[in-house]
Visitor: 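Below is a structure I'd like to ask you about.
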Amino acid sequence: MEKYNPSSIEKKWQDVWEKQGLYKAKDFDARKKFYTLIEFPYPSGAGLHVGHVRSWSAMDAYSRKKRMEGFNVLYPIGWDAFGLPAENYAIKNKIHPSIAVEKNIETFKRQVKSLGLSFDWSREVNTTDPKYYKWTQWIFLKFFEKGLAFQADVPVNWCPSCKTNLADEEVQPDGTHERCGNPTEKRMQKQWLLKITAYADKLLEDLKLVDYSNKIAVQQVNWIGKSEGVMFRYKVKDMNIHFEMFDTVPQTFMAQTFTVIAPEHPKVYELVKGTEHEKPVMEFVEKIKQKKARKKFDIEKEKEGIFTGRYTEYTPNGKLLPIWVASFVIYEYGTGVVNASVHDERDFAFAKKYNLPLHPVMFPKDPELAEKVKNLEVCYHHEPDGILQEPEEFKGMRWQDARGPIIKYIEQKGFGKRSSQFHLRDWVFSRQHYWGEPIPIIYCRKCWEFKVQSSRLAAKRAKFKVEGRDYRVIDGEEYAIVPVPEKDLPVELPYLEQYEPSGTGESPLAKVTEWVNVACPECGGAARRETDTMPNWAGSNWYFLAYLFASKLDQKSLKFNPSASLRSSTPRSLRRSSRGLSPEGLEEARVQNSKLIKEDNIFEENKDVIKYWMPVDIYQGGFEHTTLHLLYSRFVYKFLYDIGVVPTPEPYAKRRSHGIVLGPDGRKMSKSFGNVINPDDIAGKFGADTLRVYEMFMGPFDQTIAWSEESVEGCFRFLKRVWQLSLTKVSDSKTSAQLLTSLHKAIKKVGEDLENMKFNTAVAAMMEFINSWQADAQGLSKEDLEKFLLILAPFAPHVTEELWQRIKNNESGPSISSSGSREIMNNGENHNSSFIIHNSIHSRSWPSYDPNLLVEGEITIAVQVNGKVRDSINKS
RNA sequence: GGGCGAGUGGCGGAAUGGUAUACGCGGUAGUCUCAAAAACUACUGGUCGCAAGGCCGUGAGGGUUCGACUCCCUCUUCGCCCACCA
């Protein structure tokens, strides 16, 4: 008998499917649409990981079943190729990132294609393609236009030895630079930010509209971290400074006895300027800043502080609260200033250390413990049964019950206002690296000077002048921030031979004066480009939209022409001589430039396609992306919804995540451990079908699991048995009743398990069935074999197609020969040969089961006495 | 410190209130073979027993129930994520 030989059938069918365009999704098809999305890969130099295969095979099986159920399925793939890993890989291997990316994509593509995944390759996108990132930049311009992209001072990781900014991942837990081992520090630098906090409430609320697994939803809720409380506002004694402080436990507002402020707070200097406290306080601030650069600082939780010599005028209890700079106050959360009391563990510990006043207002019922609270021996906090003593109006009330009334009271008295704060921070959106989308902004000195001089605009300026939004200070001079006009997009990334991070903390692009210097699009005067690039998240924010009109992006791979690209990156419109400066002229230029050119807008053009496909029906990805990519892309999509670009408030109707695949030793796969499994090796040895089946069978889809070569062989055996039984144990007579029951049970189980993404038990059910088949004396009828092949097809598409075609050809003529099948591959047509290619198994309908057949002829009844099995009875 | 999840044979795991250990791996014995591999067949939680059969058994303890891996309470171990969030 002919042996099961995957290598002789897999490539053959992959080519046939591709030629037939079997997996192409059809826009506006009358069938119901189904959009399956996997996270598009970053094409690393290491090639395809078995983890990719796990997720993509499973979602492939899912998509194939949906297709068989009559859905118009879209299952696309693309490349997320900008970012730090690509740049570091390029630097290390001394290849230009554009070339490295191209090469890596080629390898990936070959590997992915050899697995027989049903991706629609006609929709492939690449984030580093200028035709693609044109629209990444366009989205940025829209954010800028709506005031949601702005610049602000942000602490960045800085390595003084390498003179470069670092991503958090490059700083080791002890605060040293991963590459050179020297200590790093935090320093403030102007960065672009996207105001994701403006969408915090919507991002939280709209989780109700989607079906995310509990784990994912909970993590998003925690990350957004909404807390409600009261915002107080008080004056600093003898100064024209007011501080706002947020408090989530306003019930104990009468207990506040001192104020603490974060070391990074810019007002700290004002508080101590010119006083005896200036020197020690500013030295303390420096010391803490350096300590905070170390990640371990968080864990040490040491509390240090210093008195500023200033006091808060705290009106509710008429006290003056000493203001201390304290290490544990988080500048980024709330306002960076907090009033402290005995009823908070941190404040309590701090007060004890520096002998600060404390004043309890809430006591436990237990008199012994109450005495300890009164004597300041213990910190008493957040116990629901705490009884308030102050203010007088609420004396004797339970802490928990007093919350609402006290907030009302505080608002009535004018002490503070109800408020909520979020853990979520604005998104730092600029990087001082080469390999990213250039931020489409131009800085113009002339425009700003003119605006300052123009009396009409001066009034406006007083109202709207915001540093980082309207102007930017560069080398001590103010520049207007001018967006690149939409018609001049994309701002192409120039080809650089030297793209290593510069020694100034600036982007390497800053050194390319040819590229940096441009004519201002508004006034035509000499201006300069923004040289920061976008983070690697930028391109992945909207790629699932790009798939919908990929062919219209006019794909071309990113090929640099070193001499031409610098010139071409300065559009003609920016090269013409300066226009006359007048308020009218400037306004006119601004209007012209910001106009959305409808006929040229890809989103506008493809509104109907977007409407047809969105939202994504299921988005499958790694759990590690729950808080960053998933939240970011929801935010960007919601923004696009608000400006009328997309038709739904949420991009993903359903989100699930998968567990990671560990090495055979149970550790994370890594070159340094030598435990990396290459999918090519497995597919080469056992075939792609076996690899796919194994990765679905290895364990529950959402669970972390270690690789096991022995178990791979088990799956190979399974497919071998399917092959052998299909060729030997099929008869023209009817299938026995027992085996038929077994088959229909499998059809039911596999269908339900696929729907619920329980891939492991679906495979087990098919294994169970072939065990019965093997044990059965007579075997399957041809018709029933077809049914079994249909349910196995989503898992093992190649072997099932081969067997399917053989059955069909047996019916209608001579069977397919191995030499004949090679001809299909070569010619793509089946003319003048002795066989016919029948419709692919993958375009057939999912089989149904007969509920009447699920009941076995003979059943076993267990006899239980007091819940214990005592006997069993067989009954027909 | 907070959140989420998990603990079942030698191993990966199945069973979500009703015969615990499906399916796979590994192991033992056998068939085939000059031999090996492959394949096939049977057995494979512990324990007592010649056997029939009994007893024990899902991290530990308690509870609900005719009946609990499954539901509730207490504890414990492990994993992941977040972490001085006022």
Side-chain angles (χ1 to χ4, degrees), chain A residues 1 3 213-223 225-227 229-232 245-250 252 256 259-260 262 292 295 297-304 326-341 343-350 381-382 421-425 623-624 626-627 657 659-660 662 664 666 693-694 697-700 702-718 720-721 724 749 753 758 760-771 774-775 859-873:
Chain A
M1 191 203 57
K3 267 175 78 176
S213 63
N214 182 51
K215 207 179 160 187
I216 296 171
V218 166
Q219 203 181 330
Q220 288 224 345
V221 168
N222 291 344
W223 189 262
K226 183 174 181 170
S227 44
V230 167
M231 188 69 87
F232 293 97
M245 32 296 251
F246 180 64
D247 192 350
T248 55
V249 194
T252 54
Q256 299 180 352
T259 300
V260 281
K292 282 199 175 178
K295 288 183 185 169
F297 184 83
D298 288 344
I299 299 149
E300 288 167 14
K301 295 195 176 175
E302 49 186 304
K303 289 175 181 56
E304 292 178 79
S327 62
F328 64 91
V329 183
I330 303 159
Y331 175 53
E332 292 84 6
Y333 184 72
T335 57
V337 188
V338 187
N339 272 351
S341 83
H343 297 299
D344 179 282
E345 277 189 285
R346 291 156 302 175
D347 300 343
F348 181 82
F350 188 77
H381 66 119
H382 300 198
Q421 295 289 314
F422 294 93
H423 172 194
L424 186 69
R425 308 285 148 85
F623 188 68
E624 69 277 16
T626 301
T627 46
S657 51
I660 52 173
L662 302 174
V693 169
Y694 168 66
F697 180 64
M698 65 196 302
D702 57 1
Q703 204 169 294
T704 299
I705 214 138
W707 187 268
S708 158
E709 176 100 19
E710 291 82 16
S711 298
V712 179
E713 282 191 54
C715 294
F716 184 54
R717 265 174 227 155
F718 164 62
K720 270 199 291 193
R721 289 216 277 165
Q724 185 205 340
K749 175 92 176 136
D753 282 356
K758 289 162 84 176
N760 54 332
T761 48
V763 173
M766 290 184 285
M767 287 174 167
E768 221 170 319
F769 168 72
I770 69 153
N771 286 345
Q774 181 131 17
I859 51 169
T860 305
I861 300 164
V863 179
Q864 286 185 7
V865 177
N866 289 337
K868 292 197 180 227
V869 181
R870 291 287 136 169
D871 203 355
S872 58
I873 305 163

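So you know, we letter chains A, B, ... as the sequences are listed, proteins then strands, and number each from 1.
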Visitor: Restricting to side chain to side chain contact (heavy atoms under 4.5 Å, CB included), what partner residues turn up for Asn760(A), sequence neighbours left out?
Guide: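 With neighbours one apart ignored, the set is Pro700(A), Lys758(A).
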Visitor: Can you tell me how far C1' in C80(B) sits from the matching atom in U74(B), rounded to whole Å?
Guide: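 My reading of the C1' atoms in C80(B) and U74(B) gives 25 Å.
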Visitor: Within this structure, what is the CH2-NE2 distance for the pair Trp223(A) and His423(A), rounded to the nearest 0.5 Å?
Guide: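 It comes to 5.5 Å.
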Visitor: With Asp753(A), which residues qualify under salt bridge (Lys or Arg N to Asp or Glu O under 4.0 Å), at least two apart?
Guide: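 In terms of salt bridge (Lys or Arg N to Asp or Glu O under 4.0 Å), with neighbours along the sequence ignored, Asp753(A) is linked to Lys749(A).
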Visitor: Please give me the minimum heavy-atom distance between Ala349(A) and Lys303(A), naming the atom from each residue.
Guide: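 Closest approach of Ala349(A) to Lys303(A), heavy atoms only: CB-CD, 4.3 Å.
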Visitor: Taking only residues two or more places apart in sequence, or in another chain, which ones meet Asp347(A) in a side-chain hydrogen bond (donor to acceptor under 3.5 Å, both in side chains)?
Guide: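 Not a single residue meets the side-chain hydrogen bond (donor to acceptor under 3.5 Å, both in side chains) criterion with Asp347(A).
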Visitor: Whole angstrom is fine here: how far is it from CZ in Phe718(A) over to P in A39(B)?
Guide: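 So the CZ-P distance, Phe718(A) to A39(B), works out to 15 Å.
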Visitor: Taking the C1' atom in each of A60(B) and G54(B), what is the distance between them to the nearest angstrom?
Guide: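 These two C1' atoms come out 27 Å apart once rounded.
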Visitor: How far apart are the closest heavy atoms of Phe232(A) and Gln256(A), and which atoms are they?
Guide: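 In this case the closest contact between Phe232(A) and Gln256(A) is CE1-NE2, 4.3 Å.
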Visitor: I'd like the P distance from G7(B) over to A42(B), given in whole Å.
Guide: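 Between the two P atoms, the distance is 32 Å.
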Visitor: Return the polar atom pairs (N/O with N/O) between nucleotides 41-44 of chain B and the protein under 3.5 Å, or none.
Guide:
none

Visitor: Please report the distance separating the P of C73(B) from the corresponding atom of A22(B), rounded so that it comes out in whole Å.
Guide: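 The answer is 32 Å between these two P atoms.
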Visitor: Quick check on contacts: within residues 334-341 of chain A, what sits under 4.0 Å from RNA chain B by heavy-atom distance?
Guide: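 Contacts with RNA chain B under 4.0 Å: Val338(A).
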Visitor: Taking the same atom, C1', in G46(B) and in A36(B), what whole-Å distance lies between them?
Guide: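 Going atom to atom, C1' in each nucleotide, I get 36 Å.
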Visitor: Using whole Å, report how far CZ of Phe623(A) lies from P of G3(B).
Guide: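 Interatomic distance, CZ of Phe623(A) to P of G3(B): 15 Å.
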Visitor: Whole angstroms only, please: what is the CD1-P distance between Ile216(A) and C80(B)?
Guide: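 So the CD1-P distance, Ile216(A) to C80(B), works out to 18 Å.
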Visitor: Val329(A) and Ala262(A): which non-hydrogen atoms are nearest, and at how many Å?
Guide: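 Scanning both residues, the minimum pair turns out to be O-CB, 3.5 Å.
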Visitor: Specify the closest pair of heavy atoms between Ala706(A) and Tyr694(A), including all atoms of both residues, with the distance to one decimal.
Guide: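 It is O-OH, 4.0 Å.
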Visitor: When you compare G12(B) with G49(B), how far apart are their C1' atoms, in angstrom units rounded to a whole number?
Guide: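 These two C1' atoms come out 34 Å apart once rounded.
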Visitor: For Asn760(A) and for Ser227(A), find the nucleotide of RNA chain B with the closest heavy atom, then tell me which residue's nucleotide is more 5'.
Guide: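 By nearest-heavy-atom nucleotide position, the 5'-most residue is Asn760(A).
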Visitor: Name all residues meeting the salt bridge (Lys or Arg N to Asp or Glu O under 4.0 Å) criterion together with Lys215(A); count only those two or more places apart in sequence or in a different chain, and write none if there are none.
Guide: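 Here no residue qualifies.
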Visitor: Starting at atom NZ of Lys749(A), determine the distance to atom P of A15(B), rounded to an integer number of angstrom.
Guide: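 Checked: the NZ to P distance equals 6 Å.
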Visitor: For Ile330(A) and A83(B), what is the distance between atoms CD1 and P respectively, to the nearest whole Å?
Guide: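 The answer, rounded to whole Å, is 10 Å.
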Visitor: Who pairs with Glu768(A) by side chain to side chain contact (heavy atoms under 4.5 Å, CB included), at least two apart in sequence or on another chain?
Guide: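 Here no residue qualifies.
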Visitor: Using the test side-chain hydrogen bond (donor to acceptor under 3.5 Å, both in side chains), find all partners of Thr259(A) that sit at least two apart in sequence or belong to another chain.
Guide: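 Applying side-chain hydrogen bond (donor to acceptor under 3.5 Å, both in side chains) to Thr259(A) gives Thr312(A), Asn339(A).
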Visitor: Determine the interatomic distance between C1' on A15(B) and the same-named atom on A35(B); round to the nearest Å.
Guide: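 Their C1' atoms lie roughly 44 Å apart.
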Visitor: Any residue in residues 708-717 of chain A with a heavy atom nearer than 4.0 angstrom to RNA chain B? Just list them by number, or reply none.
Guide: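 Heavy-atom cutoff 4.0 Å gives Glu710(A), Gly714(A), Arg717(A).
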Visitor: For the pair made of CG in Leu662(A) and C1' in G12(B), what is the distance, rounded to whole Å?
Guide: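 After rounding, the reported distance stands at 12 Å.
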Visitor: In whole Å, what separates the P atom of U64(B) from that of C72(B)?
Guide: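 15 Å, rounded to whole Å.
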Visitor: Take the protein atom CD of Glu345(A) and the nucleotide atom C1' of C84(B), then report the distance between them rounded to whole Å.
Guide: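 Taking CD of Glu345(A) and C1' of C84(B), I get 11 Å after rounding.
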Visitor: Establish whether the base of C85(B) is bridged to the side chain of Arg346(A) by a donor-acceptor pair shorter than 3.5 Å.
Guide: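 Per atom types, no contact qualifies.
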Visitor: What closest approach, in Å, do His381(A) and His343(A) show between heavy atoms, and which atom pair accounts for it?
Guide: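 That would be CB-O, 3.2 Å.
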Visitor: Please tabulate, for side-chain N and O atoms in residues 707-716 of chain A, each donor-acceptor pair with protein atoms closer than 3.5 Å (sequence neighbours left out).
Guide:
residue   : atom : partner   : partner atom : Å
Ser708(A) : OG   : Ser711(A) : N            : 3.2
Ser708(A) : OG   : Ser711(A) : OG           : 3.1
Glu709(A) : OE2  : Lys685(A) : NZ           : 3.3

Visitor: Using whole Å, what does the distance between atom C1' of nucleotide A83(B) and atom CZ of Phe328(A) come to?
Guide: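 Atom-to-atom, Phe328(A) to A83(B), this comes out as 16 Å.
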Visitor: Using the purine O4'-C1'-N9-C4 or pyrimidine O4'-C1'-N1-C2 torsion, is G45(B) syn (within 90° of 0) or anti?
Guide: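 Here the answer is anti: the torsion falls beyond 90° from 0.
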Visitor: Enumerate the protein-to-nucleotides 27-33 of chain B contacts in which both atoms are nitrogen or oxygen and the separation is below 3.5 Å.
Guide:
none

Visitor: Could you list the residues that satisfy side-chain hydrogen bond (donor to acceptor under 3.5 Å, both in side chains) with Asn771(A), not counting sequence neighbours?
Guide: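 Only Arg721(A) meet the side-chain hydrogen bond (donor to acceptor under 3.5 Å, both in side chains) criterion with Asn771(A).
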Visitor: Using modelled atom types and a 3.5 Å cut-off, is there a donor and acceptor pairing between side-chain atoms of Gln220(A) and backbone atoms of Thr626(A)?
Guide: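 Side chain of Gln220(A) to backbone of Thr626(A), a donor-acceptor pair under 3.5 Å: yes, one is there.
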Visitor: Would you kindly compare Lys758(A) and Ala764(A) by the position of their nearest RNA chain B nucleotide and give the one closer to the 5′ end?
Guide: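 Counting from the 5' end, the first nearest nucleotide belongs to Lys758(A).
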